[in-house]
Amino acid sequence: MNDILPDEAALWEELEETLRSWLQSYGYRNMRTPLLEPTGLFRRAIGEATDIVEKEMYSFVDELNGEALTLRPEATASTVRAAIQHNLLYGSPQRLYYLGPMYRHERPQKGRYRQFHQVGAEALGYAGPDVDAELLLMCARLWGDLGLDDIKLQLNSIGSPEERLKHRAELVQYLQAHEDELDADAKRRMHTNPLRVLDSKNPLMQPLIESAPRLLDHLGEASLAHFEGVQQVLKDVGIPYSINPRMVRGLDYYNLTVFEWVTDRLGAQGTVCGGGRYDGLFEQIGGKPTPACGFAMGLERLLALMQETRALQAAAQCEVYVVHQGGAADRMAFRVAEELRNHGLSVMQHCGGGSFKSQMKKADASGAVLAVILGEDEAANDEASVKHLRVERGQVRVARASLPDTVTRLLFTDEEQEPVSELPKRSLT
Ligand code: ATP
Ligand code: MG
C-alpha cells in the first residue's frame, strides 16, 4: 500500500480530472459506495473459486457486532448492490462510474499493489451489443486523450451459462486427461469451476491452456450475433482488435462479451483495463434480471505508462507568495492574501517570520510566479510591491486597491509588456 506524496499526487489529480471529464462526455455519472461491504456480497458476486475470493480479500469480523466484512476488491458488486438497494434502475437504465481505492492481498510487485485504484464504468440495464461497443470506443478515446498509443484490445465471448455448461463437460474431460500436468489450483478447480483453470497465471500451465477446447466453438446463434454486433462497430469505427479465445477474465459474473486492453510496456502486469458483460449479476445478488456491461482500469498502471512518456515535474505550490515584515505589514498580509484569493488566485502567505531575504528564498522555492512584498513603508502608505520571480522584470509598487488587478495582469499577460506602474521601485534589504 503506497503513500502518494505531493509531487506525484499532482499527476494523480491531473489524471483524475481527465478521467472525470472523459466519463461525463459519454453521459456517465459518478457513484460512490462504501469501501467496506458484507463479505457475502463479494463471495456471491465474484465467485467462490476465483483468485480474489480464495486468497486476495481483506476480510475480518467486526468485533462489535460479529458481522463479516471485506475491504472491496473491486466495485462492480458494490455498484450493483447499491443500484438494487436504491431501485436506481426504476424507469430507466443508468450509465455510472466510480473511481477509488480497491484492496487485494496479492504478492506485491511492480504494477501490483495491495491498495490500488480503479476507475470503472458500468452501463446498467443495457442489453447491448451497442453499449458493449460504446464502452470499447470510450477506452480507445481515453488512450488518445492520454497520449498512449500502444494499448491493444483483446476480445472474446464466453457465451451464455448454458453454452458454458456444454463446453464444461468437454473441458473437464480434457483436464482429466492431462491431470498430471495440472498445478494444485487447477486440480482443485477442475471440479469446482473448470473455466477458471483457463485464467491461470502459472506460465507452466500456458501450453496446456493453449490447446484446451475453446468456448468460442460452443456458442449458439444468439451469442454469435451479439459478438458479431460488437465487432461490426469496432470495424466501422476503425478500432483494431484481436480475438483471444482463451480469455475468460478472473471473475465469475461475466457472460458474452469479455475484453482486456493490454500493453507490452509494463512487463507481466500489462493489463490496463478489463471488462465485459455481466447479465446474471443482478439476479445473483438478489435483484431482478438486468443486463449490464462495464470495465475497470488500474490507475497505477495508467500512471506508469504516462510517466514513461513524460518526466515528473514538481508542480508550483501557488501563484503568488506574500512576504511581509513589521507589525503593521504582518497584519496587512492577511487582508491582502484574502483579497487576492477573492479574485481566484492561489496565494501562499509566508508564516513563521524571518528576514525579507529568507522569505524571498521561500517564495522562490514555492514555485510561485509573483511575490507580493509588504514592508513598513508599504503598510504606512496602504500600498504593496510586486516582484516577478520567474523573469527579470524589476519590481513595481501599487496602491493596495489596485493590487489584485496588477497581480492578475502580471500573471496572465504577455511577459514583454512594460511594467504596470510608475510608482518608485523599492529595493529589498
Ligand atoms: P491481473 O490479471 O493483472 O491480476 P485482474 O484480472 O485481477 O488483473 P481486474 O480485476 O480485471 O484485474 O481489474 C482491472 C484492472 O485493475 C486490471 O487490469 C489492472 O489494471 C488493475 N489491477 C488489478 N489488480 C491490481 C493490483 N493488485 N494492483 C494494481 N492494479 C491492479
Ligand atoms: Mg488479479
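For this chain, numbers begin at 1 and follow the sequence in order. Note that ligands are numbered from 1 as they come in the structure, with each ligand's atoms numbered from 1 the same way. The shown structure was predicted, so the numbers you read here are calculated from the model rather than taken from an experiment.
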Subject >> Heavy atom of R114, distance to ligand 1 below 4.0 Å >> reply: no

Subject >> Side-chain donor or acceptor of E37 paired with backbone N/O of F42 under 3.5 Å >> reply: no

**OP:** Quick one: look up the protein heavy atom nearest atom 17 (C) of ligand 1 and list residue, atom name and how far away it is.
**Re:** T271 O, 3.8 Å

Original post:
Distance below 4.0 Å between atom 12 (O) of ligand 1 and any protein heavy atom?
Top reply: yes

Subject >> Taking atom 1 (P) of ligand 1 as the reference point, the nearest protein heavy atom with its distance >> reply: R112 NH2, 3.7 Å

Original post:
Looking only at side chains, do D236 and Q232 share a donor and an acceptor under 3.5 Å apart?
Top reply: yes

**OP:** Decide, yes or no, whether a salt bridge links E260 with R249 under the criterion of side-chain N to carboxylate O below 4.0 Å.
**Re:** yes

**OP:** Can you label the angle between the Y58 ring and the H105 ring as parallel, tilted or perpendicular, going by 30° and 60°?
**Re:** tilted

Subject >> atom 7 (O) of ligand 1: the protein heavy-atom neighbour that sits closest, reported with distance to 0.1 Å >> reply: R104 NH1, 3.0 Å

**OP:** Could you establish whether G275 and ligand 1 come within less than 4.0 Å of each other, counting only heavy atoms on the residue side?
**Re:** no

**OP:** Could you check atom 24 (N) of ligand 1 against the protein and tell me its nearest heavy-atom contact, residue, atom and distance included?
**Re:** F116 CZ, 3.4 Å

**OP:** Answer side chain, backbone, both or neither: which part of E74 comes under 4.0 Å from ligand 1, heavy atoms only.
**Re:** neither

**OP:** State whether D185 and K55 are salt-bridged, where the test is any N-O pair (Lys NZ or Arg NE/NH1/NH2 against Asp/Glu carboxylate O) under 4.0 Å.
**Re:** yes

Subject >> Nearest non-hydrogen protein atom, atom 15 (C) of ligand 1 >> reply: Q118 NE2, 3.6 Å

**OP:** Would you kindly specify which portion of E260 sits under 4.0 Å from ligand 1, judged on non-hydrogen atoms: side chain, backbone, both or neither?
**Re:** neither

**OP:** State the atoms of ligand 1, each with its element, that fall below the 4.0 Å cut-off from a heavy-atom position in A296.
**Re:** 14 (C), 15 (C)

Subject >> Sidechain-backbone polar pair: R246 side chain, E210 backbone, donor-acceptor under 3.5 Å >> reply: yes

Original post:
Between H178 and Y174, what is the ring plane arrangement, given parallel below 30°, perpendicular above 60°, and tilted in between?
Top reply: tilted

**OP:** Could you find the nearest protein heavy atom to atom 27 (N) of ligand 1 and give me its residue, atom name and distance?
**Re:** E106 OE2, 2.6 Å

**OP:** Measure the distances from the heavy atoms of R301 to every atom of ligand 1 and state whether one is below 4.0 angstrom.
**Re:** yes

Original post:
Nearest protein heavy atom to atom 21 (C) of ligand 1, by residue and atom, and its distance?
Top reply: G298 CA, 3.7 Å

Original post:
Between V272 and ligand 1, is there a nitrogen or oxygen pair with a distance under 3.5 Å?
Top reply: yes

Subject >> Exceeds 12 heavy-atom contacts within 6.0 angstrom, atom CZ of R390 >> reply: yes

**OP:** For the pair H350 and Y321, name the ring-plane relationship: parallel under 30°, tilted 30 to 60°, perpendicular over 60°.
**Re:** tilted

Subject >> Nearest protein heavy atom with distance in Å, relative to atom 28 (N) of ligand 1 >> reply: Y113 N, 2.9 Å

**OP:** Could I get the full list of side chain to side chain donor-acceptor pair (under 3.5 Å) partners for T50, not counting sequence neighbours?
**Re:** none

Subject >> Donor-acceptor pair, side chain of Q269 and main chain of L266, under 3.5 angstrom >> reply: no

Original post:
Counting each atom of ligand 1 from 1 as listed, which ones have a heavy atom of K201 under 4.0 Å away?
Top reply: 1 (P), 2 (O), 4 (O)

